[in-house]
Number of protein chains: 2
Amino acid sequence: MSRSLSIGELASRTQCQSETIRYYEREGLLPSPARSAGNYRQYDSAQVERLSFIRHCRSLDMTLDEIRALLKFRDAPSRNCAEVSALLDEHVRHVADRITQLRGLQRQLRQLRGLCANPGNTDRCGILKEMTRAARREGHAPPAVGHVHGPHRRAR
Amino acid sequence: MSRSLSIGELASRTQCQSETIRYYEREGLLPSPARSAGNYRQYDSAQVERLSFIRHCRSLDMTLDEIRALLKFRDAPSRNCAEVSALLDEHVRHVADRITQLRGLQRQLRQLRGLCANPGNTDRCGILKEMTRAARREGHAPPAVGHVHGPHRRAR
DNA sequence: TAGAACCCTATAGCTACTATAGAGTCAAGT
DNA sequence: ACTTGACTCTATAGTAGCTATAGGGTTCTA
């Protein structure tokens, strides 16, 4: 019999914060664990594995909804796994779309950057000028179409 | 003298919603405009241009903070524009990082997908098996490092 | 028995919006 | 003059996936 783990121990074993674990519990990705006499959460090795699985999926940039779906398949081993493949296929497609989009962006940005080789006053700045001109030209598309995030995220 | 625009007219000219315009105003990207007798916002052509500029920046996936910075340069034409170039350089770097990251992801995902050619029961699913194994192996890195978003976004 | 280190819940914050509720305003038609 | 509909106003809550805080309780060690 292996001793049960506190939330902090589970956290350090899975490289994620206690807060995140409690969040996953609220979100239904992890079951509510047993509690100690002092109301502390007690985890076992099954939960270590489940959380590791979740974190691995997150490291593959899956959404919690996608992960929820995968967990359902894991929890019902007799179901047909074609849907697992389908889910993965779609995720691959999302990622591919995003790459395409970012490459286009990159091209535009580098072009824009090329307009300022010798920095002077902002009133003669080629970059600002061109952005203003481009803005006037366009009926600019919305920032990012569909199911795809921008390139910014704060550090953790 | 050109007639002033209502928020709805500004919205349709710039391809963005009235709500978004009010949001930009709250965020200090757009100045509080004049008001009519009935307390309606009244915009002029300078605001059309300013908002177009903002939307163009957003279509280049800049954050509102980055845009705020650019607007400050636009508003102070005598300042040196080296910082504009620097800002753009950093943005280009963010995008490049994100592309690299997504390519790695794509490789992993396709590999995983290859494990299920003939779908059967989930208890023999090569994908789920491998994800479980991989999760056990790793001290999985956090979902996305630094300043970078995942590939998912809901449609507008 | 004190203090440090952990745990608990509840709540607010982050980005860049979007969507609602509930009220007021305006122009056109009758 | 009055109604109808389209517009506008403010304020508030919701989205994803956490992170951070406040204000308490618990457990371990000295």
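Heavy atoms only: backbone and side chains are in, while hydrogens, waters and symmetry mates are out.
As rounded to whole Å, 12 Å separates atom C1' of C:dT15 from atom CG of B:D61. Between the CZ atom of B:R26 and the P atom of D:dA13 there is a distance of 13 Å, given to the nearest Å. Atom P of nucleotide C:dC17 and atom CG of B:L51 are separated by 10 Å, given to the nearest angstrom. Rounded to whole Å, the distance from CD on A:Q17 to P on D:dG17 is 17 Å. At whole-Å resolution of the value, OH in B:Y43 and C1' in D:dC9 are 12 Å apart. For the pair B:Y23 OH and D:dA13 P, the interatomic distance rounds to 17 Å; values are reported in whole Å. As a whole-Å value, the separation of B:E19 CD from D:dA11 C1' is 12 Å. One atom, CG of A:N39, and another, P of C:dA10, lie 11 Å apart when rounded to the nearest Å.
Nearest-nucleotide mapping onto DNA chain C: of B:S36 and A:Q42, the residue sitting toward the 5' end is A:Q42. Both B:G38 and B:R68 lie near DNA chain C, and the one whose nearest nucleotide falls closer to the 5' end is B:R68.
Looking at A:R113, its side chain never comes within 3.5 Å of a backbone N or O of B:A86 through a donor-acceptor pair. Although no hydrogens or angles enter the test, the distance criterion places a donor-acceptor pair under 3.5 Å between the side chain of B:Q106 and the main chain of A:V92.
Among B:R55, B:E19, B:R50, the single residue meeting the side-chain contact (heavy atoms from CB on, under 4.5 Å) criterion with B:Y24 is B:R55.
For D:dC7, the OP1/OP2 oxygens have no side-chain nitrogen or oxygen of B:S6 closer than 4.0 Å. Checking the phosphate oxygens (OP1, OP2) of D:dC18, a side-chain nitrogen or oxygen of A:R55 falls inside 4.0 Å.
Side-chain proximity of A:T20 to the nucleotides D:dT19, C:dC17, D:dT8 is greatest for D:dT19. With distances taken from any side-chain atom of B:R41 to the nucleotides D:dC9, D:dT27, C:dC8, the minimum falls on D:dC9. When distances are taken from the side chain of B:R35 to each of C:dA16, C:dC7, D:dC9, the shortest belongs to D:dC9.
The closest side-chain donor-acceptor pair between A:T132 and B:R74 falls under 3.5 angstrom.
Between the base of D:dG25 and the side chain of A:Y40 there is a donor-acceptor pair shorter than 3.5 Å.
Across all strands shown, B:R22 has heavy atoms under 4.0 Å from base atoms, whether or not it also approaches the sugar-phosphate.
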(request) List the steps and the verdict of salt bridge (Lys or Arg N to Asp or Glu O under 4.0 Å) for A:D75 and A:K72. (result) CA-CA 5 Å; A:D75 294 344; A:K72 247 193 342 217; over 6 Å; no
